[in-house]
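Everything on this sheet refers to the single structure shown next.
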Amino acid sequence: MHKSYRIAQFVPMTREEEKLLRLLGKRIRELRIRAGFSSQEDFAYEAGIPRAQYGRYEVGANLTFLSLNKILQYYKLTPEDFFKGMEKLK
């Protein structure tokens, strides 16, 4: 199994950090499917996020705040509403 690293620090992520990113990916995927997007590519195009990068986000890659902001803006969600919805995915 490969190790995940924090960007620019080259410090391995903890299991808890990896779990949090997978949970974040699940939440993003849930929103995409609920909005009627069957493909990551279609949503990524609409939200202005590179397709390959967006696909990595759904499987738990570390995403930037700006990318998360684009997703929240597309769905017209506040950060509070987005993270509140993650509680049910645990």
Under the side-chain contact (heavy atoms from CB on, under 4.5 Å) criterion, do Phe82 and Leu68 qualify, and how do the steps go?
CA-CA 10 Å; Phe82 176 80; Leu68 179 59; 4.0 Å; yes

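- Within the 4.5 Å cutoff, no side-chain heavy atoms of Thr64 are placed close to those of Asn69.
- Residues Asp81 and Arg27 come closest through the heavy atom pair O-NH2, 3.4 Å.
- Counting heavy atoms from C-beta outward, Tyr57 and Gln40 have side chains that stay 4.5 Å or more apart.
- Taking 4.5 Å as the limit, some side-chain heavy atom of Glu58 sits within range of a side-chain heavy atom of Arg32.
- With no hydrogens or angles considered, no side-chain donor-acceptor pair links Glu41 and Tyr45 at under 3.5 Å.
- Looking at Arg29 and Lys26, their side chains never come closer than 4.5 Å, going by heavy atoms from C-beta outward.
- With respect to the salt-bridge test (charged N to carboxylate O, under 4.0 angstrom), the residues Glu18 and Arg15 do not qualify.
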Stepwise side-chain contact (heavy atoms from CB on, under 4.5 Å) test for Ile28 and Leu63:
CA-CA 11 Å; Ile28 291 168; Leu63 70 155; 4.2 Å; yes

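- Residues Asn62 and Glu17 have side chains not in contact (no heavy-atom distance under 4.5 Å, counting atoms from C-beta outward).
- Here Tyr74 and Phe43 bring their ring centres to under 6.0 angstrom of each other.
- When every heavy atom of Arg22 is checked against every heavy atom of Val59, the shortest pair comes out as CG-O, 4.2 Å.
- No donor-acceptor pair closer than 3.5 Å links the side chain of Lys70 to the backbone N or O of Ile49.
- For Gln53 (side chain) and Pro50 (main-chain N/O), no donor-acceptor pair under 3.5 Å exists by modelled atom type.
- Both Phe83 and Ile71 are assigned to one and the same hydrophobic cluster, defined by single-linkage of ILVMFWY side chains at heavy-atom distances under 4.5 Å.
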